[in-house]
Every structure is written in C-alpha cells, then in structure tokens.
Amino acid sequence: MKISLFKIGIALVVVGSVWIAFVFAESEKIHDNVILKESNSFELKSTFAGSDIGFYKVYMSEFAGEEVFTQILDTSDNVIEEQVIQTKMSVGYFDFNKDGTYSIKITNISKNPIDLQVEFGNTNSKQMTPAGVLIFVGAVTVIVMAFFKIKNYNIEQPDENIS
C-alpha cells in the first residue's frame, strides 16, 4: 500500500486535533450549577499561574430570552471584561498575565429565575502551540496535494456529432 502525502497531511490534522482536545480537556477548570433569582449574583473563583488565556462558558438550560451580566475580575478585583449574555450558551475568553485568583461574577438582570451552568478556567493555549503547528503543516500539505491532483485531472469529453 502506497502512502501519499495527501494521507499524511490528513493524519497530521487528525493527530493535531486530538492533541489539542486532550490538552484542553486536561486544563484546570471549575464548574457549578446554580439557580439565580431576580437581581441575585453568583461568583466562581479559580487560581491561575503565569500568563495565558482564560475562558468561561455560561449555559442556560431552559432559555426563554433571559439576560445575565458577567464580569471577569482579576486578583485585585478590577474588571477585566464584562458582557451581557442574551443567548442559551455563551463562551468568552480573557487574557491574564499574573499569578493569583481570578473570578467570574454573574448577575441575573431578567425578571425570572435562571438555571445556569457555569464553567471557568484556563485554556492552556501555550501548550497547544506544537499541536497547532502540526495542524497547520497537515492542512497545507492537504491543500497542496489536492491542488496537484485537481490540476492533473482530465475529464474525457464525448464527441459532438454522435448519431
């Protein structure tokens, strides 16, 4: 069986994707479920080290147009990012650059109680760089090999005056 560069490129993309999924799954994160009544707040805290990219995911299981207000607070309780969420699920990212405890504060700004599932943690994006390079090399290989296959592909045309 002959192994082509096209198959090698696809294999590199698959291996890189699995690698990234594994790194993200092993990242430090916390999650909690809570029912927020009108004008109540909820806070989750996590300790981050170094500088990287953090994330939060807010999921409203029984979404009916409710809104929540989220704030990401750094180690000194300064607001890094804030957002009004008006969708069933929202994922956001933020940069952190010093060690310490960061927190997400969620406030119910609608008139109904909301059932929330919140996940907060570190993406470990710096550990994903080698896998990203692997995916890039694989994707470029697939594109180049597909171009050469299509370039050399000939379609046989039937004769015009067949009776």
Side-chain angles (χ1 to χ4, degrees), residues 1-33 44 46-75 79-104 106 115-163:
M1 181 170 106
K2 183 180 174 186
I3 298 177
S4 67
L5 283 177
F6 186 79
K7 291 178 185 175
I8 291 172
I10 290 176
L12 289 175
V13 169
V14 170
V15 168
S17 299
V18 170
W19 188 354
I20 284 181
F22 180 73
V23 168
F24 189 73
E26 293 297 315
S27 66
E28 181 181 328
K29 55 189 162 227
I30 58 172
H31 60 327
D32 202 356
N33 295 335
L44 269 178
S46 184
T47 303
F48 297 137
S51 65
D52 209 339
I53 299 173
F55 79 98
Y56 61 92
K57 180 175 85 170
V58 178
Y59 177 73
M60 295 181 240
S61 59
E62 298 175 12
F63 181 70
E66 292 92 356
E67 297 179 345
V68 293
F69 180 68
T70 61
Q71 290 181 318
I72 305 298
L73 307 170
D74 67 3
T75 57
V79 176
I80 299 174
E81 182 180 319
E82 56 188 17
Q83 176 183 4
V84 174
I85 298 175
Q86 303 169 332
T87 57
K88 185 171 185 163
M89 185 175 86
S90 178
V91 178
Y93 299 92
F94 60 94
D95 294 324
F96 63 90
N97 52 15
K98 60 182 178 179
D99 298 351
T101 302
Y102 289 75
S103 59
I104 180 170
I106 302 171
D115 183 16
L116 290 176
Q117 296 173 8
V118 182
E119 192 171 334
F120 183 60
N122 185 354
T123 60
N124 287 338
S125 65
K126 293 189 178 181
Q127 294 178 1
M128 294 180 191
T129 303
V133 170
L134 197 65
I135 291 172
F136 178 74
V137 169
V140 168
T141 303
V142 167
I143 291 168
V144 168
M145 295 312 296
F147 172 76
F148 284 130
K149 282 185 179 185
I150 291 172
K151 180 181 166 190
N152 295 330
Y153 188 72
N154 293 325
I155 298 177
E156 188 174 320
Q157 300 294 324
D159 293 335
E160 287 183 28
N161 295 327
I162 298 179
S163 327

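Everything numeric in this text was worked out from a predicted model, so none of it was measured.
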Taking it one step at a time, do Val144 and Phe148 satisfy side-chain contact (heavy atoms from CB on, under 4.5 Å)? CA-CA 6 Å; Val144 168; Phe148 284 130; 3.5 Å; yes

With rounding to the nearest 0.5 angstrom, report the OH to CD distance, Tyr59 to Gln117. 6.5 Å

Identify, with sequence neighbours excluded, every residue that meets side-chain contact (heavy atoms from CB on, under 4.5 Å) alongside Gln71. Phe69, Leu73, Val79, Glu82, Lys105

Pairwise distance CG(Leu44) to CD1(Ile106) - rounded to 0.5 angstrom: 6.5 Å

Might you work through the side-chain contact (heavy atoms from CB on, under 4.5 Å) test for Trp19 and Ile135, ending with a clear yes or no? CA-CA 10 Å; Trp19 188 354; Ile135 291 172; over 6 Å; no

Return the set of residues passing ring pair (Phe, Tyr, Trp, His ring centres under 6.0 Å) with Tyr102 (not counting sequence neighbours), or none when no residue passes. Phe48, Phe96

Nearest 0.5 Å, please: how far is CD1 in Ile80 from CG in Asp74? 5.0 Å

Close side-chain approach of Ile8 and Thr141, heavy atoms under 4.5 Å: no

Nearest 0.5 Å, please: how far is OH in Tyr56 from OG1 in Thr70? 4.0 Å

Counterpart residues, ring pair (Phe, Tyr, Trp, His ring centres under 6.0 Å), relative to Phe22 (two or more places apart): none

Which atom names give the shortest non-hydrogen contact between Ala131 and Gly16, and what distance separates them? CB-O, 3.7 Å

CD1 of Ile104 to CD of Gln83: how many Å apart, nearest 0.5 Å? 9.0 Å

Separation of Met128 CE from Asp52 CG (nearest 0.5 Å): 8.5 Å

More than 12 heavy atoms of other groups within 6.0 Å of Phe94 CZ: yes

Atom pairs and distances, donor-acceptor, side-chain atoms in residues 23-32, under 3.5 Å, two or more places apart:
residue : atom : partner : partner atom : Å
Ser27   : OG   : Phe24   : O            : 2.7
Ser27   : OG   : Asn122  : O            : 3.1
Lys29   : NZ   : Phe24   : O            : 3.1

Using distance only, find each side-chain donor-acceptor pair of residues 86-93 under 3.5 Å and give its atom names and separation, not counting sequence neighbours.
residue : atom : partner : partner atom : Å
Gln86   : NE2  : Glu67   : OE2          : 2.7
Thr87   : OG1  : Met89   : O            : 3.0

Ser61: which residues meet the side chain to side chain donor-acceptor pair (under 3.5 Å) condition with it, sequence neighbours left out? Asp115

Is a side-chain donor or acceptor of Asp95 paired with a backbone partner of Ile53 at a separation under 3.5 angstrom? no

